[in-house]
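All ligand and atom numbering here is 1-based and tracks the order in the structure. These numbers come from a predicted model, not from an experiment.
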Amino acid sequence: MASAAAPTTFSLLHSTAASSSASSSSSSRLHLSSTLRVRPLRRGLGFAAADPLLAATVAARVKAVGVGKGARGVVSMAKKSVGDLSGSELKGKKVFVRADLNVPLDDNQNITDDTRIRAAIPTIKHLIQNGAKVILSSHLGRPKGVTPKYSLAPLVPRLSELIGVQVVKADDSIGPEVEKLVASLPEGGVLLLENVRFYKEEEKNDPEHAKKLASLADLYVNDAFGTAHRAHASTEGVTKYLKPSVAGFLLQKELDYLVGAVSSPKRPFAAIVGGSKVSSKIGVIESLLEKVDILLLGGGMIFTFYKAQGLSVGSSLVEEDKLDLATSLLAKAKAKGVSLLLPSDVVIADKFAPDANSKVVPASAIPDGWMGLDIGPDSVKTFSEALDTTKTIIWNGPMGVFEFDKFAVGTEAIAKKLADLSGKGVTTIIGGGDSVAAVEKVGVANVMSHISTGGGASLELLEGKELPGVLALDEATPVAV
Ligand SMILES: Nc1ncnc2c1ncn2[C@@H]1O[C@H](COP(=O)(O)OP(=O)(O)OP(=O)(O)O)[C@@H](O)[C@H]1O
Ligand SMILES: O=C(O)[C@H](O)COP(=O)(O)O
């Protein structure tokens, strides 16, 4: 454990050996297609197989086809995409599209953020332009049984406007009335089913229920990235009864960035991890330590790291049972040659409130009775300088309590920095949840390379977990190389 006088910026610069190993691994990733005979498919979801995170997602598939690192010939680890289906495979076909239209609604049932609806449109438009009959489904919220305030009805006007076709709304997601509406659906028509979570069988992934949903259609497209970490009837169960079962364009794009770009990044590659607690980000930090060159930590979790280093943290958020973990993460970063930066100064408050008194202090000088709620200006400067050296950045979790304007400065500064670097050709990926909200608040969402539509799903992917909604989809046709 470091003494109280230890520097509060924990920076472990690469050793020569570490740097050279990072660059050689980078170059082997860049040339993966030729060296390992694994290549992304033209329109499928193919990624480099040598990477641990990717391996976690596709290992089972690699095993299944009996090829892997160093194998010659054919390797397919890609999922079939809706773009891989021919016009004749779509024309006149009833296509069950699972989207994540779980958008926020205000008390008057107005949509307050339509990002997820807009993100679902390319797949729907592609299908109707090819003469398919679209049976669109989604959940909204976490209803327990039929709950009118969680009906998908308020989404119909915006969906119709964005698709350019009047969407028909069913009052149920299965049953004779729905079957009648499906039967009368014209080519290029869109039928929106009612909230699939009105049935408890949905979340239980009940096979009989999945069969009923599947019986409505001829084939399946999963574009619900935000729900791909759930093995539910409409995300996983239906794939057993509908062939082909393929990925939509949004799902494909999310995987391209959150698996593809993170597995084979342009280097130097930095991750920024913030948010409230280290316990909720352990998996992400450990997984990212395997692949990044620079790791910047912010948010409430930094105080557990400070305390682990022997610093006093006042009444800041600390997870006492995670002090050893924080110490071991710092050691792991050092062992891996990752440059890990903790903020050198913080904005402290005398209470957890938007109108709290505040001041900036070095991270080593947080007085009793005060709590850190944001990173300070020196930290923003140091973080910005570190980010200036990078070519790929992934960000998950805010730098402070950005919901309070007074403590949103650090988060907003990082958002602006990423926007600036994005304009200079750096790949910037925002991993979902509150970091996306922060980027949107600053108004720079449109300049980032990728903004994930999934909170929990993006976190699980970054942790290297398999997403059942993705695993269940058909493999793309193997490509000989
Ligand atoms: N210094 C701090 N003290 C207490 N809470 C903090 C601090 N810094 C950030 N937070 C809080 O952390 C929360 C976000 O943490 P979280 O881990 O949920 O981030 P996220 O991963 O971006 O979001 P999500 O979980 O929705 O994907 C915010 O509500 C923010 O107010
Ligand atoms: O908002 C989300 O993260 C997704 O829509 C998934 O919702 P859930 O956490 O209720 O499954």
Side-chain angles (χ1 to χ4, degrees), residues 98-104 113 115-117 119-120 138-144 150 195-197 202-203 223-232 234-235 254 272-285 297-306 313-319 342-343 346-349 351-354 356 358 363 366 370-376 379 394-411 414-415 430-441 451-463 467-469:
R98 176 57 156 103
D100 187 335
L101 306 176
N102 185 23
V103 291
D113 178 358
T115 306
R116 281 180 164 170
I117 300 182
S138 177
H139 71 286
L140 182 77
R142 293 174 176 171
K144 299 277 166 262
Y150 291 119
N195 192 337
V196 281
R197 288 192 183 168
E202 159 69 5
E203 289 175 72
D223 214 17
F225 174 72
T227 326
H229 58 316
R230 310 284 185 215
H232 290 175
S234 67
T235 61
E254 294 273 10
I272 310 166
V273 181
S276 53
K277 293 178 175 175
V278 64
S279 53
S280 62
K281 299 290 164 82
I282 299 166
V284 170
I285 294 173
L297 297 182
M301 73 172 71
I302 57 176
F303 304 101
T304 301
F305 285 88
Y306 290 153
V313 294
S315 47
S316 306
L317 185 66
V318 168
E319 291 174 277
L342 284 168
V346 287
V347 184
I348 56 171
K351 58 180 174 180
F352 189 85
S358 66
I366 302 174
W370 290 72
M371 64 187 78
L373 294 187
D374 195 7
I375 62 172
S379 310
I394 181 145
W395 181 16
N396 181 281
M399 297 291 95
V401 182
F402 76 106
E403 297 92 336
F404 301 162
D405 286 347
K406 220 171 188 174
F407 306 103
V409 179
T411 302
I414 295 299
I430 317 299
D434 282 316
S435 357
V436 172
V439 164
E440 277 165 358
K441 191 175 166 202
I451 299 263
S452 179
T453 56
S458 68
L459 207 59
E460 290 201 15
L461 259 196
L462 292 176
E463 287 172 5
L467 305 186

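At least one N/O-N/O distance between Gly372 and ligand 1 falls below 3.5 Å. Between Ser276 and ligand 1, at least one pair of N/O atoms sits closer than 3.5 Å. Below 3.5 Å of separation, one finds an N or O of Gly300 facing an N or O of ligand 1.
Nearest heavy-atom pair across Phe352 and Leu373 is CD1-CD2, 3.8 Å.
Residue contacts with ligand 1: Leu373 is included, with a non-hydrogen atom under 4.0 Å away.
Atoms OG and CG, from Ser138 and Asp223 in turn, are 11.0 Å apart once rounded to the nearest 0.5 Å. The NE2 atom of His229 sits 9.0 Å away from the CG atom of Leu459 when rounded to the nearest 0.5 Å.
Between the side chain of Thr453 and the main chain of Gly226, no donor-acceptor pair closer than 3.5 Å is present.
Among protein heavy atoms, the minimum distance from atom 18 (O) of ligand 1 is reached at Asp434 OD2, 3.5 Å. In terms of protein heavy-atom proximity, atom 5 (N) of ligand 1 is closest to Val401 CG2, 3.7 Å.
Numbered from 1 in the order shown, with element, the atoms of ligand 1 that lie under 4.0 Å from a heavy atom of Asn396 read 21 (O). The Phe303 neighbourhood of ligand 1 comprises atoms 1 (N), with distances under 4.0 Å to a heavy atom of that residue. Residue Ser435 has at least one heavy-atom neighbour below 4.0 Å for each of these atoms of ligand 1: 22 (O).
A donor-acceptor contact closer than 3.5 angstrom links the side chains of Ser234 and Arg98.
Comparing Gly433, Pro398, Ala438, Gly400 by heavy-atom distance to atom 9 (C) of ligand 1, the nearest is Gly400.
Residues Lys441 and Asp405 are in side-chain contact: their nearest non-hydrogen atoms beyond the backbone lie under 4.5 Å apart.
At a heavy-atom distance under 4.0 Å, only side-chain atoms of Glu403, from C-beta outward, approach ligand 1. With a heavy-atom cut-off of 4.0 Å, Lys281 touches ligand 1 through its side chain alone.
Protein residues with a heavy atom closer than 4.0 Å to ligand 2 are Asp100, Asn102, Arg116, His139, Arg142, Arg197, Gly226, Arg230, listed by chain and number.
The environment of Lys406 atom NZ is dense: over 12 non-hydrogen atoms of other residues, nucleotides or ligands sit within 6.0 angstrom.
The presence of a protein heavy atom under 4.0 Å from atom 25 (O) of ligand 1 is ruled out.
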